[in-house]
Amino acid sequence: MTEQVTESRGSDSEGGRRPEDGAGRSVMIAFGQTLKTLRIRAGMEREELARLLGYSVSTIASFEQGRRIPSSQTIDRADEVLNAGGLLRLWKEPVERAQYPAFFQGMAGLEKEAIELLMYDTLVVNGLLQTEKYMRALLGMRRPPLNAETIEQRVIARLARQDIFDRQSAPLLSFVIDESVLRRRYGGSAVLRGQLEHLLLIGDHPNVEIQVMPLDCEESAGVDGAFTVLTQKGGKRFVYTEAQGTSALLTDPDQTALTGARYGIIRSQALSPRESQMFIEGLLGSP
């Protein structure tokens, strides 16, 4: 999630993406049937819709057959040219979720509505902070291997999640990263260097705090592993954990409160944001 950078955030030039799993496939088949029905109702051939949307006829066919995922902008445009009255726009959220692995779909939706995210990571840099080259290095190491199309799709989806930093009402974002993560040369030294530089850039955002949990710390409340605490408007909290292609989303108020408190202890044990910035700068200066 190959080394070559293709900076594509779900652009129309990609001709859409494939649904990630069986559940996503079902959503896309239903969306495609709706799109085809509205096109026929409008008395429009595929060739005309393709011309209006700027796609090939084969890509329109792929949309209608549920084999490709259109971008949000494409759905908006299709709703307009087919005079669908907002019917296609209703599909935007489920269609967007279909691009994620099944284990992350619930979290992807919650992430968009969060007012606060607290993230503790012990194995890899958090997906919201990853550079594209770092993503591709990680995804290229998966076993069994992911095919090129799945890797491309996951890169696009993960890059799209990073729009959270530019959101008008951006949430408060706190990251605590284990020092070992910042020393692992996934993808090689150049990839790691680019990732460390990116952390410093993201850390400059006023709503972002990045802290490092040093290896020489003699106590850590994070010994149970990585997790994310997400808070929505109104104060409802969720705790998300992920491992080996599966995930858990906790909603019990007592458990989420305790995990939030645990994160607070982890933050207090980690280097401060300023100390962490200096630490990362030091890693960049090391041979």
Side-chain angles (χ1 to χ4, degrees), residues 1 5-12 14 16-17 20 24 69-77 79 86 88-101 103-121 124-135 153-177 194-195 197-211 226-242 247 249 251 256 259-260 263 267 273 276-277:
M1 327 184 154
V5 175
T6 57
E7 188 64 32
S8 52
R9 295 174 178 265
S11 66
D12 287 357
E14 290 293 326
R17 294 141 280 162
E20 179 71 27
I69 300 176
S71 69
S72 177
Q73 296 88 342
T74 298
I75 294 175
D76 284 337
R77 177 62 177 154
D79 192 273
L88 284 178
R89 289 191 176 97
L90 293 174
W91 284 94
K92 286 171 67 172
E93 186 175 333
V95 164
E96 182 178 353
R97 283 201 304 269
Q99 70 185 304
Y100 295 106
F103 63 82
F104 191 74
Q105 288 179 3
M107 182 60 176
L110 291 171
E111 200 173 69
K112 284 183 165 293
E113 306 298 326
I115 62 170
E116 181 185 62
L117 283 163
L118 313 174
M119 291 151 282
Y120 177 53
D121 293 286
V124 298
V125 173
N126 191 281
L128 290 177
L129 296 173
Q130 291 175 11
T131 65
E132 184 170 341
K133 287 186 177 182
Y134 188 90
M135 293 177 198
Q153 179 178 316
R154 293 197 183 182
V155 167
I156 291 169
R158 197 167 295 186
L159 287 172
R161 287 175 57 212
Q162 295 179 2
D163 289 345
I164 195 170
F165 296 109
D166 303 316
R167 194 185 299 170
Q168 195 161 25
S169 298
L172 299 174
L173 300 168
S174 172
F175 302 86
V176 178
I177 309 170
Q195 180 62 67
E197 291 171 345
H198 186 65
L199 292 178
L200 293 177
L201 288 173
I202 296 296
D204 282 339
H205 286 66
N207 62 313
V208 176
E209 285 193 345
I210 297 176
Q211 295 176 249
F227 61 89
T228 295
V229 180
L230 180 150
T231 305
Q232 290 185 319
K233 289 181 180 178
K236 183 172 178 58
R237 276 186 159 183
F238 300 83
V239 174
Y240 176 80
T241 59
E242 180 183 309
S247 65
L249 192 63
T251 59
T256 58
T259 307
Y263 187 84
R267 288 179 74 175
S276 298
Q277 179 184 6

Within the distance-only criterion (no hydrogens, no angle test), does the side chain of [X] pair as donor or acceptor with the backbone N or O of [Y] below 3.5 angstrom?
X: Gln195; Y: Leu129; result: yes
X: Gln130; Y: Val125; result: yes
X: Asp121; Y: Ala226; result: no
X: Arg158; Y: Glu132; result: no
X: Gln211; Y: Arg267; result: yes

Step-by-step salt bridge (charged side-chain N to carboxylate O under 4.0 Å, His left out) determination, Glu96 to Lys112: CA-CA 11 Å; Glu96 182 178 353; Lys112 284 183 165 293; 3.1 Å; yes
State, to 0.1 Å, how close [X] and [Y] come at their nearest heavy-atom pair, and which atoms those are.
X: Glu111; Y: Arg167; value: O-NH2, 3.3 Å
X: Ala114; Y: Leu117; value: CB-CG, 4.1 Å
X: Ala170; Y: Asn207; value: CB-ND2, 3.4 Å
X: Leu88; Y: Asp79; value: N-OD2, 2.9 Å
X: Pro70; Y: Ile75; value: CG-CG1, 3.9 Å

Is [Y] close to [X] at the side-chain level, that is, under 4.5 Å between some pair of heavy atoms?
X: Thr131; Y: Glu197; answer: no
X: Phe238; Y: Met107; answer: no
X: Val229; Y: Tyr120; answer: no

Glu113, CD atom: more than 12 neighbouring heavy atoms under 6.0 Å: no
Measuring from atom [atom1] of [X] to atom [atom2] of [Y], what distance do you get when rounded to the nearest 0.5 angstrom?
X: Phe104; Y: Leu249; atom1: CZ; atom2: CG; value: 10.5 Å
X: Leu173; Y: Glu116; atom1: CG; atom2: CD; value: 9.0 Å
X: Tyr240; Y: Ser247; atom1: OH; atom2: OG; value: 4.0 Å
X: Thr228; Y: Leu128; atom1: OG1; atom2: CG; value: 8.0 Å
X: Asp76; Y: Lys92; atom1: CG; atom2: NZ; value: 3.5 Å
X: Thr251; Y: Leu230; atom1: OG1; atom2: CG; value: 12.5 Å

Name of the residue among Asn126, Ile210, Ile177 meeting side-chain contact (heavy atoms from CB on, under 4.5 Å) with Met119: Asn126
Steps toward side-chain contact (heavy atoms from CB on, under 4.5 Å) verdict (Leu159, Gln162): CA-CA 5 Å; Leu159 287 172; Gln162 295 179 2; 4.0 Å; yes
Plane angle bin for Phe227 and Tyr263 - parallel if under 30°, tilted between 30 and 60°, otherwise perpendicular: perpendicular
